Structures are given as C-alpha cells and as structure tokens.
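Heads up: the structure comes next, in structure tokens.
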Number of protein chains: 2
Amino acid sequence: MTPDALNRLVAQLAKLPGIGEKTAQRLAFHLLRAPPELARGLAQSLTEVVDRVRLCSRCFSLTEGEAGAPCGFCTDTRRDDRVLCVVEGIADELALERTREFRGRYHVLHGALSPLEGIGPDQLRIRELLVRLQGQAFEEVIVATNPDVEGEATALYLTRLLKPMGLKVTRLAQGLPMGGDLEYADQATLARALSARRDL
Amino acid sequence: MTPDALNRLVAQLAKLPGIGEKTAQRLAFHLLRAPPELARGLAQSLTEVVDRVRLCSRCFSLTEGEAGAPCGFCTDTRRDDRVLCVVEGIADELALERTREFRGRYHVLHGALSPLEGIGPDQLRIRELLVRLQGQAFEEVIVATNPDVEGEATALYLTRLLKPMGLKVTRLAQGLPMGGDLEYADQATLARALSARRDL
C-alpha cells in the first residue's frame with residue numbers, strides 16, 4: 001500500500017552496510033518529512049562522488065583530480081619522501097593522518113591477505129607497491145595493516161618481500177591502548193604488551 | 001586531504017537521523033568501493049521519492065497518484081467505511097496494516113500534541129479529521145496514537161472532540177506485550193495491565 005517510489009528507496013537504503021529494513025524505512029520517512037533539499041542534496045552528492053572520485057594512480061588514495069594525475073598526498077612537496085606508510089584502506093590512512101604525527105607518503109593496499117575470502121597478493125595493490133619502491137628512494141616502509149589475523153599475515157608477507165630490497169621495514173607498536181585499563185584488556189593484548197615491554 | 005565530493009557526501013549522510021560522522025564515512029567508503037550502480041540507484045530513488053510521493057488529500061497517507069486524487073487506502077472499495085483508525089504517523093499505519101486485522105479507513109495526524117515542542121492541534125491534521133467525520137458516515141473512531149505522554153494527551157483531546165459528535169471512540173488496548181515476561185515488564189505497563197484486567 002506504500003508508494004512504489006518509497007518502496008524502491010527503502011530497498012536501496014537497505015543495501016547499505018549496517019542498515020536493515022527497519023532503519024531504511026525510518027530514514028526514508030525522515031527524507032519524506034524533511035524539506036526536499038535534503039533528499040536532493042544527498043542524491044547530488046552520491047552522483048558527484050561516483051562521477052568524480054577515483055583512485056590516485058600512484059598511492060591508490062582517493063582523489064578527484066584528472067585521470068592519471070597523482071593525489072594531494074603524492075604531490076605535497078612538504079611530505080617526507082623517505083618514509084612510506086602501507087595501509088589496508090582509506091579509513092586507516094585518514095586515521096593516521098588525524099594524528100598529525102606522520103608526514104611521509106602513503107600506499108593503500110585496498111584490503112588484506114585473506115585466503116578464505118579468496119584475497120591473495122594479486123587482489124591487493126602489492127605489485128604496484130613493489131614497482132613504486134623500485135622507482136623511488138624510500139628508506140623505511142611502515143607496515144600499518146590492522147593488528148588482526150589478516151593484517152598480521154599481510155605484514156609478514158610484505159616484510160619477506162621488502163627486507164631483501166634493503167629497506168627498513170617497521171610495524172606499528174602493539175600493546176595497551178592509551179587510557180585503557182589493565183583489568184579490562186583482553187588476553188592477547190595484555191600478552192603482547194608484556195612480551196613487547198620497554199626499558200624505562 | 002579527502003576529495004571535496006567525498007566530504008560533501010559524508011556531510012549529507014551525517015544529516016540523516018541516527019547516522020553520525022563515523023557511520024557516514026563508513027557508508028561513503030562503501031558506496032565508493034561498490035559498483036557505481038549502487039550510488040546511482042540510490043540517487044535516483046531519492047529524487048523519485050521527493051518528486052512523486054505526496055500526501056493523500058483525504059487521509060494524509062502517502063501516495064504517488066495525481067495531485068488531489070485519494071490514496072489506495074481511501075479508494076479501496078473492500079475496506080470498511082464505518083471504522084476510522086487515527087494514527088500519529090505513516091509508520092504506525094503500516095504497522096497496523098501488517099497485522100491484517102484492520103480493514104477500515106485511516107487518518108494520519110502527522111504528529112501528536114506536544115506543547116513543549118510547540119505542536120498544538122493546528123499543527124496536526126485534526127481540522128481535516130473533523131471535516132472528514134462530518135462528511136462521512138463513520139460509526140467508530142479508533143484512536144491509535146502511541147501509548148506515551150504525547151499520544152495519550154492527543155487521545156484525550158480527540159475523545160473530547162469526537163464523543164459529542166455521537167461517535168464511538170475507542171483506544172488500542174494497553175497491557176503486557178505478547179510473549180513478554182512479567183518479571184521484566186516495567187512498572188507502568190504492569191500497573192496498567194493490572195487495572196485493565198479482564199474477566200475470563
């Protein structure tokens with residue numbers, strides 16, 4: 001009994017991750033009640049994003065420059081050309097960037113090794129990473145993949161590839177999160193924090 | 001450092017209820033990674049909904065018929081013209097419809113009385129309800145507003161208006177939800193269930 005256009009919008013919204021049928025309906029009703037500019041603005045942004053945003057040909061970050069042109073990270077002359085930080089995804093890159101602690105270059109793999117899901121080295125931007133490392137004078141590669149099974153496997157794989165190239169390969173420190181509580185830390189984190197303890 | 005088009009999409013998504021900055025970013029990345037048809041389809045549905053869907057001139061449900069034409073609920077000749085169910089919103093109407101227990105007509109108020117939020121009788125479709133009740137031969141009005149403070153106030157207000165018109169005014173039963181557990185029922189619900197107990 002609901003209008004077809006509304007049903008279609010609910011179905012489209014429910015395709016998004018973390019949005020079920022009920023949430024999709026709630027969002028659709030909100031969009032109907034709100035001034036039409038809200039829905040129109042969202043529709044325009046969606047179209048713009050798929051039309052304009054593409055991957056940087058060098059580091060595979062997002063960019064909206066001309067096809068083939070490198071992104072802002074790659075063209076920024078104030079960044080350090082000696083350190084390359086390898087991340088799984090764009091969100092990881094942005095999280096690192098928010099710390100304002102890293103001023104080197106990035107390389108986005110767009111995933112992590114996961115044989116179970118059929119993701120091998122060829123599905124990631126690893127070949128492009130190797131070509132890039134051969135062409136440029138990087139001294140250190142920070143492997144900033146996630147501290148989970150897939151991320152660790154990817155880090156191990158990359159270390160074996162990159163060490164023989166004479167590069168310093170490092171990994172983000174693992175241990176207790178800042179502001180955390182020993183009592184509530186999980187076993188694996190606490191064990192890692194213990195084995196990787198530092199001299200003071 | 002993220003493309004402007006992406007920032008705009010994140011900002012637009014974050015305007016939706018229940019979607020914060022982080023979720024908006026996650027959704028935007030998903031839309032970028034997915035085939036572009038997902039974003040384009042969503043954009044089209046959004047435009048269609050605001051272009052086509054409007055309120056029925058009689059019951060204020062949603063419809064996409066011609067301007068001025070009544071909706072499917074109002075034109076369905078198999079529905080009972082003697083019973084009118086008054087609800088706060090479209091979602092309530094659809095919830096009732098899913099029970100398949102009600103075959104009368106609907107009237108959507110589009111809100112509930114809430115002096116604190118500045119919503120008085122004039123902000124709801126109450127005048128239209130009165131005109132409709134004078135013009136048609138309804139025998140019973142089911143006041144199906146929510147069982148919360150605003151819904152109860154609206155029900156009381158409507159009862160005072162409609163009873164003098166010689167109509168039977170009823171309210172949805174309140175008590176323990178089916179499948180519920182006495183032990184976990186809140187005080188107010190349990191008190192209501194007790195005072196409204198039925199003879200067996």
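Nothing here was measured: the structure is a model prediction, and the numbers come from that model. Within every chain, numbering begins at 1; the chains are lettered A, B, ... in the order of the sequence lines, protein sequences first and strands thereafter.
Residue A:R8 touches chain B through both its backbone and its side chain, counting heavy-atom pairs closer than 4.5 Å. For A:L13, the parts sitting under 4.5 Å from any heavy atom of chain B are the backbone and the side chain alike. For A:L62, the parts lying near chain B are the backbone and the side chain together; criterion is any non-hydrogen pair under 4.5 Å. Both the backbone and the side chain of A:F73 have a heavy atom closer than 4.5 Å to some heavy atom of chain B. For B:R33, no part lies near chain A; criterion is any non-hydrogen pair under 4.5 Å. When heavy atoms are compared at a cutoff of 4.5 Å, A:D4 approaches chain B by way of both its backbone and its side chain.
Options B:G41, B:G89, B:P36, B:G72 differ in how many heavy-atom pairs under 4.5 Å they form with chain A, and the most are formed by B:G41. Ranked by heavy-atom pairs shorter than 4.5 Å toward chain A, the options B:L6, B:L32, B:D76, B:T23 are led by B:L32. Residue with the most contacts toward chain A among B:L46, B:V50, B:D51: B:L46 (heavy-atom pairs, distance under 4.5 Å). Chosen from A:P17, A:A28, A:A91, the residue pairing most often with chain B at heavy-atom distances under 4.5 Å is A:P17.
Linking Ile, Leu, Val, Met, Phe, Trp and Tyr whenever their side-chain heavy atoms come within less than 4.5 Å leaves A:V87 and A:L167 in two separate clusters. Following chains of ILVMFWY side-chain contacts shorter than 4.5 Å, one can reach A:L172 starting from A:V83, so the two form part of one hydrophobic cluster. Put simply, B:V141 and B:L158 are part of the same group of oily side chains (I, L, V, M, F, W, Y) that touch within less than 4.5 Å, one to the next. Taking hydrophobic clusters as Ile, Leu, Val, Met, Phe, Trp and Tyr residues chained together by side-chain heavy-atom distances below 4.5 Å, A:L84 shares a cluster with A:M165. Under a hydrophobic clustering in which Ile, Leu, Val, Met, Phe, Trp and Tyr are joined whenever their side-chain heavy atoms come within less than 4.5 Å, directly or via other members, B:L38 and A:I90 fall into the same cluster.
Heavy atoms from other residues, nucleotides or ligands lying under 6.0 Å from CD of B:E117 number 12 at most. For B:R103, the CZ atom counts as densely surrounded, since its 6.0 Å shell holds more than 12 non-hydrogen atoms of other residues, nucleotides or ligands.
Closest approach of B:Q25 and A:L94 over heavy atoms only: NE2-CD1, 3.7 Å. Of all heavy-atom pairs spanning A:P3 and B:E64, the tightest one is C-OE2, 3.5 Å. Contact detail for B:T47 and A:R40: the closest heavy-atom pair is CG2-NH1, 4.3 Å. A:V53 approaches B:A5 most closely through the heavy-atom pair CG2-CB, 4.0 Å.
Annotation: the span from A:R52 atom CZ to B:L9 atom CG amounts to 12.5 Å, rounded to 0.5 Å. Between the CG atom of B:L16 and the CG atom of A:L31 there is a distance of 5.5 Å, given to the nearest 0.5 Å.
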